[in-house]
Amino acid sequence: MSARHKKLINQPENIVREMLEGFARAYPSIVRLTDAGLIVRAQPKGAGRVGLVIGNGSGHEPAMIGFVGAGLMDVNVPGEIFSAPGPERIVEGIRLAERGGGVLLCVSHHAGDRMNAEMALELCAAEGLSGVEMVLLYDDISSAPKGQEAERRGTAGLFFTWKMLGAYAETGASLPQCKALAEKVRDATRTLAVALTPGTNPISGQVMFALAEDEIEIGMGVHGEVGQGRQKLQDADATIDAMLPPILADLPFRAGDEALVFINNSGSMTQMELFILYRRVAQRLDAAGIGVYGAWIGAYATTQEMAGFALSLCRVDDELKRLWDAPARGAYFVR
Amino acid sequence: MSARHKKLINQPENIVREMLEGFARAYPSIVRLTDAGLIVRAQPKGAGRVGLVIGNGSGHEPAMIGFVGAGLMDVNVPGEIFSAPGPERIVEGIRLAERGGGVLLCVSHHAGDRMNAEMALELCAAEGLSGVEMVLLYDDISSAPKGQEAERRGTAGLFFTWKMLGAYAETGASLPQCKALAEKVRDATRTLAVALTPGTNPISGQVMFALAEDEIEIGMGVHGEVGQGRQKLQDADATIDAMLPPILADLPFRAGDEALVFINNSGSMTQMELFILYRRVAQRLDAAGIGVYGAWIGAYATTQEMAGFALSLCRVDDELKRLWDAPARGAYFVR
Amino acid sequence: MNWAEVLGAVEAMYAQKRDELNALDAALGDGDHGTALHTAFKEIAARAPELAQARPAEILKAAALTLMNRMGGSSGALYGTLFLRASVEVKDLDRLTGEDMARMWEAGLEGVMQRGGAQVGDKTMVDALAPAVIAFRDSISQGRPAAEAYEAAAAAARFGAVKTSELVAKHGRAKFVGQRALGQIDAGAASTALLFEALRNYWREKGG
Amino acid sequence: MNWAEVLGAVEAMYAQKRDELNALDAALGDGDHGTALHTAFKEIAARAPELAQARPAEILKAAALTLMNRMGGSSGALYGTLFLRASVEVKDLDRLTGEDMARMWEAGLEGVMQRGGAQVGDKTMVDALAPAVIAFRDSISQGRPAAEAYEAAAAAARFGAVKTSELVAKHGRAKFVGQRALGQIDAGAASTALLFEALRNYWREKGG
Ligand SMILES: Nc1ncnc2c1ncn2[C@@H]1O[C@H](COP(=O)(O)OP(=O)(O)O)[C@@H](O)[C@H]1O
Ligand SMILES: Nc1ncnc2c1ncn2[C@@H]1O[C@H](COP(=O)(O)OP(=O)(O)O)[C@@H](O)[C@H]1O
Ligand SMILES: [Mg+2]
Ligand SMILES: [Mg+2]
Ligand SMILES: [Mg+2]
Ligand SMILES: [Mg+2]
């Protein structure tokens, strides 16, 4: 196995706090770290606008801390490594994001994240905090069959929602409108991932899964959740040829559609490999008559130093194109 | 060892060409790929401005292809994996960058790059192409002692020159002015790197070096060149405590100075580790009375999936601050 | 009985079984279940002195909030919900009778099933919790003392936990390992069985 | 002699020794020296038919440009310079005498040293090239035929290459391995020795 056990950290129990301190010190014009360990926009968005909050387990950096900023999220609530934050911290995040227009709590669909978000909403209700809505986001076609989309996991493709919803909330859209837009982007997005080599949990030092030297796993989740099964390692083109058709069939994307394409590096893939993979995606989309409105390739939602990538497509109409093109200024996403 | 032999590529001999095709297809509004395999700005810069060209071996992506764009480089001449491009291709790049203001050929100081650049200049002279200058860039304090700066290698810290020189050339500065500015940034920059685990050459499949499970190498170059020697793996804070003082002493950076700080991911370091490392850098700079004008943390000049990082500081005055803040729009650097 | 002490006994149990729970979780999940639970209960136990005089409901609520807010993840939410609903059910009572505790655990079970959406047979902590709560209720309804009811509950929980090895998971991270889960005991079911073992041991010693 | 054929003989030599050169380069550099040289010479050899009637200088220049532009890296520049300067020195000649070749190799050596900045003793290809060129010049100046001069040059180059194992590198990637270079032969010196072995073999067979 090619797992990396050498990590440059200090005491494992301080890992999340120290990471957040370093991050916030590096980008003080974009974000601020609260005493409770939340990442919030350095300059709050305009009064009356809908606040956007997302919580998640840590260990996926730059997600989501890197997506807090103008035109993006208002607050990120980081949990411990790969573990959803608790409801009290989420409520704290909701309070910080409130600018008079209500708050949309975005939840990347994982059981822990959903449960804690639901508890947070119950707490808000109990405390009389109104104008808070929640939206479940998911995109991973390997985690539940077509027809059971709401059972699917949230993975790298949520990137599109962060970006477009972030832009939309800046326009002064209402809370119900924001929620509907988040659902629209979610429902237009499909993702499939592949893993080559595992990451290690930085605290336990445990390798997240095992794969033979000539094996890959298609559909692996962002915490090493098993996908559709193992396959022999093939070349880049053959890998895309295996991954793209199920993505296209699921929505389905059809000839004449326009799409954004996102290739997310799970950690230690080289840009070289990602570009070679993207080349094949572009060729296949050409052949399928699907237009590429824009492409984005990089490490945005990682699973520590896992080698692998997620391929994500989002079908766009004029509204989504405008939102995609709108400016954004997070520490790890500038547009 | 934790080297990754699994790579998602096609035929190894096509790796550079296919990578460039994929890259150019992904960012058509920013770059264009020529038939000869050069990456050039999609929209040439204004007439009369100095053109900026840089060549380099491939395998370090997103460097330098990701730094072509408005406010950055005009042309990148990619060589084969870890191998400088030949003089004919460099001359071709110079021709493409010429907008009537002359061309500055930037050379990351490695023997192969220097020799090929010199041959390219000889070819230019032979062909009557005038107004072409060359500047040698270097930053790695581990590759030659103080006093022999001109013997040093170019590594991740060249990032500052790409950015600031790119901004400067857009202002209409003359060729001699551009060359002087490049030297000014270079002479204000110091870098030291550390490697934890090796990358593998994507063509030969060979691991680039060997390190014991509990060893790191301080001063490792971007092709696995040996540095100052091996050390036991320590925690993040101790690693920074070992790396920062020689960097500060070399320029030297003094209390009252302002600096930009760059932490470059050599490939498969996690953002988490980099933020924890940066936290210590910020603490130490505070203690030394050195102001941080800005920080930048990410994978900009990689050595395939090597785990490690480079710490780079650039002392800035008002001129350099202005150039750092100026807009830039490359595929992998937006400001 | 003193509920701060009870939770201390649970902490001691998890201290001893932490690595075992981690290993179970590692087989099907991410290997942190023992550490997560134990860390939370250590924090709960550390607050025992200040809570020594508090009502049971307050102690249970403090535990619930620590579980929810410090443990995080799915099982933080689920164990938190278990204790929170339990606490609400016995609010204002100074001392809990067997009947009180039967209602309390029933409310907790209902909360867990509602929160997580898992049914018996889905290979989760519910597979240990449901039989434990039912056995407890049956014993109490038959007029047995609480100590005996906890004997029955612990046995039922253990049996339910062991039986999870015959199941394929429908929830939690284990859901994503599919058939590979066969033959493996679910970590959350095991930790619930240990919770009831700790309760049983406490009542065995202290009576009641 | 036919210089297109000569370069074909060099290609055959590198085809055979490619892996050996890679292994030498791997010890001190990046392990690509054999592959890089062989790939370039394959391309050069492939152009032999179209160059069969060309002057020696044109053939050498074509080789030089392929080395420079297709091989890339340091050694592409250095071998390219070697052949380019050689070509310039014998420009317009239809046939090369021993004296022509002596001047030609001297010009090439000068180019390599100027381009790379390496002196004898710096553990580079210069450690093989310089003795080879000097030996060649000596033989020719003493009135020996070219075939004999190549025997002397090849022997000198081999000796110089082997001696690099006693040196610490001052140039190229090997510079960065410091003392670890001791005991290892420099790859570029070895490939230069092989170049002169190929020349020697060719002249042995074809005379001249
Ligand atoms: N939806 C659910 N309903 C009931 N129990 C669940 C559910 N999801 C997970 N669990 C329980 O949680 C356990 C895992 O807990 P833990 O490892 O602490 O959480 P995480 O999966 O967040 O790391 C599982 O073994 C299972 O018993
Ligand atoms: N400055 C120099 N002068 C002379 N020879 C050099 C110089 N730098 C490198 N070399 C030679 O080049 C050889 C390495 O060639 P090669 O592996 O093809 O290039 P690269 O180092 O670019 O991979 C070394 O073994 C050495 O003989
Ligand atoms: Mg967990
Ligand atoms: Mg090389
Ligand atoms: Mg777990
Ligand atoms: Mg080499």
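So you know, we letter chains A, B, ... as the sequences are listed, proteins then strands, and number each from 1.
- The structure places CG of Asp32(D) at 7.5 Å from CG of Asn201(B), a figure rounded to the nearest 0.5 Å.
- Nearest heavy atom pair, residue Met71(D) against residue Ser83(B), reads O-OG, 3.8 Å.
- In this structure, chain B has a heavy atom under 4.5 Å from the side chain of Ala26(D), while its backbone stays farther away.
- Note that CZ of Arg89(B) and CZ of Arg70(D) are 8.5 Å apart. Values are rounded to the nearest 0.5 Å.
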Derivation of the salt bridge (charged side-chain N to carboxylate O under 4.0 Å, His left out) call for Glu122(B) and Arg115(D): CA-CA 11 Å; Glu122(B) 289 173 24; Arg115(D) 178 73 67 215; 2.9 Å; yes
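- A donor-acceptor pair is defined here as one N or O able to donate and one able to accept, closer than 3.5 Å; such a pair exists between the side chain of Asn116(B) and the backbone of Gly73(D).
- Heavy-atom distances place both the backbone and the side chain of Glu88(B) under 4.5 Å from chain D.
- In the displayed structure, Lys146(B) atom NZ is contacted under 6.0 Å by more than 12 heavy atoms of other residues, nucleotides or ligands.
- We find the CE-CG distance between Met119(B) and Asn69(D) to be 7.5 Å, quoted to the nearest 0.5 Å.
- Proximity to chain D (any heavy atom under 4.5 Å) is shown, for Met208(B), by neither the backbone nor the side chain.
- Distance check: Met115(B) CE to Gln114(D) CD gives 12.0 Å after rounding to the nearest 0.5 Å.
- Heavy atoms of other residues, nucleotides or ligands lying less than 6.0 angstrom from CD of Gln53(D) number 12 at most.
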